[in-house]
Structure formats: C-alpha cells, structure tokens
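In what follows, a single structure is set out as structure tokens and then discussed.
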Amino acid sequence: MAEVEVAGSGAGGSPEAGSGSGSGWRRPHGPLQRYYGPSAAEAVEAAPDPTDINGPHFDPEVFLTKVRSECPLGQLLAREAALGREIRALDSDMQTLLYENYNKFISATDTIRKMKVDFRRMEAEMDDLAANMAAISTSSARVSAALQDRHRRGAQLAGVQALLRKLQSLVEVPGRLRRWAAPGAEPARALRCHARARAVLRHYRHLPSFRAIEDESHAIMAELAQRLRTRLRDDTLDPKELTECVEMLLQLEEPPEELCEEFLSHAGTRLEAELAALEAELPPADPSGAAATPPPASDILDFVDRGSSAFVGNLCLLAASYRSLFEGRPGAGDGRLEAFAATLTTRYFELLERRLALERGLGDTSLLVRALDRFHRRLRALLELLPAAGAEAGAALVARAARERVDRYLRALQTFFLGCLGDVRQALAAPRPPSKEGPGLPDLLATLASSVLGQLKAVLAYVQLFTAKDVAFASLPYFKGEFCVEAVREGLVVAFVRWLCRTARGFADGPAERGAPAAPPALLLLLARLCLDYEATTISYILTLTDEQFPPQDTGPVVTPGPALCAEARGAAQRLLDHYVQVQGAAVAQMLRKSVETRDWLGTVEPRNVRAVMKRVVEDITAIDVQVGQLFEEGVRRAQSSDSSRRAFSVYSSSRAPGRYAPSYTPSAPMDTHLLSNIQKLFSERIDIFSPVEFNKVSVLTGIIKISLKTLLECVRLRTLGRFGLQQVQVDGHYLQLYLWRFAADERVVQGLLDEVAASAAHRCLDPVPMEHSVVELICERGPPRVTLENSLHLSLVKSLVTMDSPDVLERWTDRQTLVLEEIRSI
C-alpha cells in the first residue's frame, strides 16, 4: 500500500516529488511536460531564462513586461485564449491521472488480499508433501539395503561375461583374419580386425595362449602383405586402387620409404604411358625442317582436353593421395613428390609446346584461347597441391602461345597488305577499252585504306579474346601489362604501321632488281596519299582504339608515342612524293633528251611547226596534272601577271628586248651574250631543281616541270645548232611557255628555265639569227601542230629510243633518220 501511495503522489505531485521517487517517476510528454516542467538535469544544463514559461527560472513579471512591450493587442488576446485551452487540457489530464491511480490502488488492495488467502492453503499442502517425501525416502533406503548384495554379485557376473566375450573374440581373430584376408575377400575388414586385437595381444603376449594367437595372426597378415606387394607391382592398377593398396600396406606397418618409392615408381609408369600416348599423336620432330610436317589429326582443344583429363587429372589425384598417405611419415617428405611432378610436367609442357607449334595457320583463335584456358585451369588446380610443379613454366607457355599468335597475325596483316598492293598494281596496269573507264585513284585509295583498316580491326578483335573476362589466364600479370603493351600495341599495331611505312618507302628507296618491273608512278602517288592519311588521322585512331581495347598500366613499359609514328608516316609520304616527281620528271626529261640527241640541229629546215614531241610533253604534263589532282589539293599559286600567256620568248634574256640586241648581234660583237646571261643570273633567284615538294598538286607539277626543263637545258648545251635549229628551239620554247606556266606554282620558274634554254641555244649556235617574235607567235597559236611526215618519223624515233641507252643503237638510228630525211627532201 505504501509503495502504491508513493507512486500516486509522484504522478500527481510536483516535479521534485516525482524526481525523488526513483524509477516510479515517468517523464511527462506534450502538455504534461509543459505543465510539470523539465527535469532537474535538464534544468541544470539549460541557461536561466526568466521568460521561459516552462523553465525553472520563470519570472511572471518579466514575462508579462516582455509580452506587453513586444506583442500587439491581437496577439495578446490570442495568447490568452491559448493559455486557457492549455489550462483546461492540463486539468482534464490531471483528473484522468488521478482516476487511473485510484483504480490501480483498489486493484492492488484486492490482489494482496487474495494472495494472503492463497498462501495459507499452499502452506498446508507443502507440509503434507514433505511428510510423504520423508516416508518415500525411508522405504527406498530399506529396499536398497536389502538388494545391495545381489547387485554386487550381478555386476561381478556381468564383468566376467564381458571378459569372456573379449577372450572369445581374441580366440576367433585368426579365423576371421584367415577368412577376410583370403584372395578376393575383404582385406580392409581383416586390417580393421587386426588393428583392434593387436594392442591386447601385445599386452598379454607373455601368456602362451595369447602368444600363439598373436603368432598366427602375424603369419596371416604377413601373407596378406605379400599379396598386396605383388598387387602393387601390377601395372594395370588405377590411381584409386594403388592408393588403397599402399594404405593397407602402411596399416600393416610396412616401411614408408619402400612404399614411397614403389608408389612413385608405379605412378610414374602410368603417367609416362599417358605422355607417350599424347606424343604418339604428334608427328616426329624433324631437326632439319626439310620434310613437310603433316597436319595434326585432332585440333588443339581435343589435345589439351585429353592431356588435362588423363595426365593432369591423374597427377593431381596421385599428389593428393601421396600427401594423405605419406604426410608426416619419416623418410617420405623430403621433396620426392615435387621433383617427381616437376620432371613429368616439364615433359608435358614440351609436348604441348610442340602441339602449339603445329598451329601454323591462324585457324580459329577462340579455339586456341579455350584450349589455353582449360590448360591453365587444370594447371592451377595442380599448383594448389604442388606449388613447385612448374607454375612459371606453365604461365610462360601460355604467354608464348599468345605472343606467337600475335606475331602470326602481324605476318598475316603484312601479307594482306601486299596482296592489296598487288590488286592495286593489277588494276593500274590492266588494259581497258577506250569506252570503259577503270577505277580511279580515289576509289583505289579508299578501297586499300578501308580494307587494311578493317583487317587490322578484325585482328584486334581476335587478339582481344586473350584478355576476355571469362578467361582464367587473363588475370596473369603478363596479360594485364606486357601483353597489352609489348605484344599488341608495340608488337602488332606499331610494328605493322612502321612496316607499312617502310614497305611504301621501299618503292622509292629500294634499288630495283635487274629485270624487275618498276613501280608505276600512280602507285607511288597512291602510297604517298595513304601515308599522309595515316599521319593525319588513321594512326591516332588506331592507337586510341588499341588503348581502349588493351588498356596499358600506369607503371608499364614505355610505349611509342603517336607523334613519332606520324613523323615516320609523313617522312615516307614525302619520300614517295619526291620519288614520284623524279620518276615523272625523268620520263618527260628522257623524251626531251632523246628528241634533242636524235635531231640534226645543223641541217634542219626552217621551222614551220612546233615539234610533235613538245605537244607530247604538254599532253603528259596535263595527264600528270589530272592524276595528281585526284589525290591532292590544288595548292597555292603565286599571283600571275596579266599577260602570262603572251610573254615574249627570246633567245636572249627576258630582261632584254629582242629588237635592241638582235640587229647588232654578230660573232665578233664586243659584248658576249653568254657573258650577259651569266651577269643576269647573278641578279635572278636561284632555282632549286630537286627541292622537296609540298603535298599539293601545284608543287608536284612544278617539280616535274623543273626537272624536264633543266634536262632540256643541259641537252641543248651539248649540241651545236644552225640558224634554223636555233629558231626551232625558239618556237618549241615559246610553245612550252604558252602551256606550262599554268601548271607551275610560279610562272617565273618556267620563264627563267626557258630563258636559259634559249640563251644556251644562242650561245651554241653558229649563226644566231633568231626568228621574229610575231612569226613565233603565229606558228605556236594556230592550233595543234600538223603532224608532217618528218615530225611523225621523228616522234616515232623518239618513242623508240626512250628506253634505249646504248650509244651504238642510238648512232644507227641517227644514221637511218638522216638517210630517210634526205630522201624526203629530194622528193
């Protein structure tokens, strides 16, 4: 009652009374908390605030003063209404609590009254129970005392019976052993029976009867051991039977050293037979390599499956059995198993490497990856049992196989590129009807570039199979670092790009073999454009694609930077384009040289037309312009003068007017024209004939024109001319000026070289009387020259001698031409 009253007063009293009641006080919430206020601990922690209506330091005067000064009348009225509602709510809660406490007080009083009545009845029942238990204990003691002697005699008899059963089992041991150890019986049961009886027989062997049983049992087990030894030497035992046989011999306390040797010997014989079966599938090794190796009968996956299931599986089983049989036994754990397994795995790796060497073609890369993956998985299971069984050799074998496949892909890419070049050369050289046009250079370039790039992407997709997530050996450090960088990026992609640049450059740098056809100029131009495209976009695209598919490690080996490859490609393109200019310039120059060397410049007639060879030169330059324009941009030309096509072409320097010097020119003139020409050269720009060309059409054509006109100049310097020969050179030079200036980047280059040709012709002329300029213009501007019989014979002679460099042949053709022309003139 007192405890209930205290709880009731705490709930309805002040906070201080509630705090002192211990665990009976429950912290109020909501409105009750605002009514009762914070606990003592909260009051201590909170800062004193006289305006906090719920705080312990509340001051009504300060609160009212603050409210009257800060709140308007409407807010004060609302505050008053709110306080009224809270007061009514608190009064209602207080009444509810008082009613609940009163009900609990009444219930507690009734419960205590009932408990007093129930306890009186239970005390009487407990007294009766105690009396009954005492009576039971007395009766039990009397019964135990009466039966104690009989119990003792029964226990003695039970012990005697158990001893007799044991003796009976010992007596029956030899018979059981003889029955279970017989051939074809159950030797395992005999071993278990002998193991149970062995300790007892040894303990009582001083008794004659027990010694006889022990001797008979030893004889039976010795006979069993002899049969097990004989069975151990049977080569037809599988690993499981071999393990059981050795285990039973160990239970018979046979020497572990001898059993270990016999176990390894038997296992080695079986594993050697499995390796011999694998080797029988391989063709015999030919050190000389002269004989062609026949293709293997089965694929690499079947070979690896047979090796893994037969050899590796049995080796794992034997290793596990060896560990379970001889682990911890003296003389059997000195590294014999590791040396035994290392020898066999080394031979197995050699056979597998020989089989991998037979995969000469590309074949199915996914099949090779699956085979290597299965080999690595089984090898990893073996290494868990035998860490020293060749882990590094197995990983190196997988890495070599992957690297060898990458090298074969590189050779396949090279062969594919050479095949594409052969197709391009065949397309360029194939004869076509006049009405049917073949594929243009842009089409051939696009086909070549797309074919090579597509083949390279396909190769990268195949090589990516080696680093797939579901491949076990992809987790090796080699395939995460060195394979991605050294094998794929450097050994495949970079090596192929460099080889492509070297191969393309070889068409310009490599000396042509005797009798071998030279590369057509169009092929040189196409390869130059290909290398330039590689330098611009293809190399960066290929390297980015390779780095995405084979991401290199941050701490991996140094890689070849992209700008270095781009520089090699640009160098190859520059060399090819320079060689193209030299080849085309040499072709035109050869035609000009033969036309000069095969003509009689002293006895020629007065010129009436431009020589046909000059028209052929203009046609060839035009064809070259069309050809180069298909692959290269136009380029920047120097600003042309307004009368470029109408400039006068004189046998003197372009800085001198013809009419000023021509009338006064005689062989005894005091001012030598050759001297004047040399003085004029001092103030003119030097023309570099073999300077590197730029990657545009104008620069290429300018280089070809410079080589051609420079050859014409040197040929004219070596000839002696008559008056009409000088005039023919004047007509030919003016014709070339009319058509060649539009192809050059700077017309002054063409004008300067043609001026030098005219000056050299005048210097080498015996009667230097030039033709009137108006007549020269009339001859050159009345259309294409009429092909006369003389010009036709001369042009055919030039075409025939373009490829002839023998002086004897040239002299014979010159004599024949002279005779033919004399006959024509006489007619």
Starting at CG of Leu77, measure out to SG of Cys71 and round the result to the nearest 0.5 Å. 11.0 Å
Can you name the residues that form a salt bridge (Lys or Arg N to Asp or Glu O under 4.0 Å) with Arg88, not counting sequence neighbours? none
List the steps, then state whether side-chain contact (heavy atoms from CB on, under 4.5 Å) holds for Asp547 with Val559. CA-CA 11 Å; Asp547 292 339; Val559 298; over 6 Å; no
What's the spacing between Tyr102 OH and Ser107 OG if we round to 0.5 Å? 10.5 Å
So CG of Leu460 and OG1 of Thr546: to nearest 0.5 Å the spacing works out to 5.0 Å
Quick check on Glu61: does its CD atom have over 12 non-hydrogen neighbours (other residues, nucleotides or ligands) under 6.0 Å away? no
Let me confirm one number: the CG-CG distance from Leu500 to Leu565, rounded to the nearest 0.5 Å. 11.0 Å
Please evaluate residues Leu352 and Val304 with respect to the criterion side-chain contact (heavy atoms from CB on, under 4.5 Å), reporting the C-alpha separation (whole Å), side-chain torsions for both, the decisive distance (0.1 Å), and the verdict. CA-CA 8 Å; Leu352 183 57; Val304 172; 3.8 Å; yes
Residues at least two apart in sequence or cross-chain that pass salt bridge (Lys or Arg N to Asp or Glu O under 4.0 Å) with Arg150, listed by chain then number, are none
Just wondering, do Arg370 and Leu367 contact through their side chains at under 4.5 Å, heavy atoms? yes
Heavy-atom donor-acceptor pair, Ser140 side chain to Ile136 backbone, under 3.5 Å: no
Please report the closest heavy-atom contact between Ala504 and Cys531, naming both atoms and the distance. CB-SG, 3.9 Å
With a 4.5 Å cut-off on side-chain heavy atoms, are Val488 and Gln549 touching? no
Whether Arg411 and Glu404 form a salt bridge (side-chain N of Lys/Arg under 4.0 Å from carboxylate O of Asp/Glu) is what I want to check. yes
Using modelled atom types and a 3.5 Å cut-off, is there a donor and acceptor pairing between side-chain atoms of Ser144 and backbone atoms of Ala141? no
Taking the side chain as every heavy atom from C-beta outward, state whether Arg378 and Arg374 have any atom pair closer than 4.5 Å. no
Nearest atoms (heavy-atom pairs only) where Arg529 meets Phe632: NH1-CD2, 3.9 Å
Are any non-hydrogen side-chain atoms of Val463 and Phe483 less than 4.5 angstrom apart? yes
For a quick test of reading the model, state the closest non-hydrogen atom pair linking Glu694 to Ser699 and the distance between them. N-OG, 2.7 Å
Checking side-chain contact (heavy atoms from CB on, under 4.5 Å) for the pair Thr560/Arg498: CA distance, chi angles, key distance, verdict? CA-CA 11 Å; Thr560 303; Arg498 285 180 168 172; 3.3 Å; yes
Kindly indicate, with the supporting measurements, whether the criterion side-chain contact (heavy atoms from CB on, under 4.5 Å) is fulfilled by Phe695 and Glu633. CA-CA 8 Å; Phe695 295 102; Glu633 293 77 10; 6.0 Å; no
Side-chain contact, heavy-atom cut-off 4.5 Å: Val494 with Arg489? yes
Hey, is CD on Glu490 packed in by over 12 heavy atoms from elsewhere, all under 6.0 Å? yes
Can you sort out the partners of Gln455 under side chain to side chain contact (heavy atoms under 4.5 Å, CB included), two or more places apart, ordered by chain and number? Leu413, Phe416
Nearest heavy-atom pair of Ser451 and Cys420: which atoms, and what distance? CB-SG, 4.3 Å
Working to the nearest 0.5 Å, report the span between NZ of Lys104 and OG1 of Thr111. 13.0 Å
Would you say the side chain of Arg79 lies within less than 4.5 Å of the side chain of Val67, judging by non-hydrogen atoms? no
Hey, are Asp149 and Arg152 close enough for a salt bridge, meaning a charged N less than 4.0 Å from a carboxylate O? yes
Going by ring-ring contact (aromatic ring centres under 6.0 Å, His included), Phe311 matches just one of Tyr348, Phe375, Phe349. Which one? Tyr348
Are Thr538 and Val452 packed together at the side-chain level, in the sense that at least one heavy-atom pair is separated by less than 4.5 angstrom? no
Ile542 CD1 to Leu456 CG distance, which is reported to the nearest 0.5 Å: 5.0 Å
Within a strict 4.5 Å, meaning less than it, do heavy atoms of the Glu535 and Cys566 side chains meet? yes
Should the ring pair Tyr409 and Tyr462 be called parallel, tilted or perpendicular, given that the plane angle runs from 0 to 90° and is split at 30 and 60? parallel
Test: Asp302 and Arg306 ion pair at under 4.0 Å: no
Shortest non-hydrogen contact from Ala487 to Val406? O-CG1, 3.3 Å
What one should report as the nearest heavy-atom pair of Gly562 and Leu543 is CA-CD1, 3.6 Å
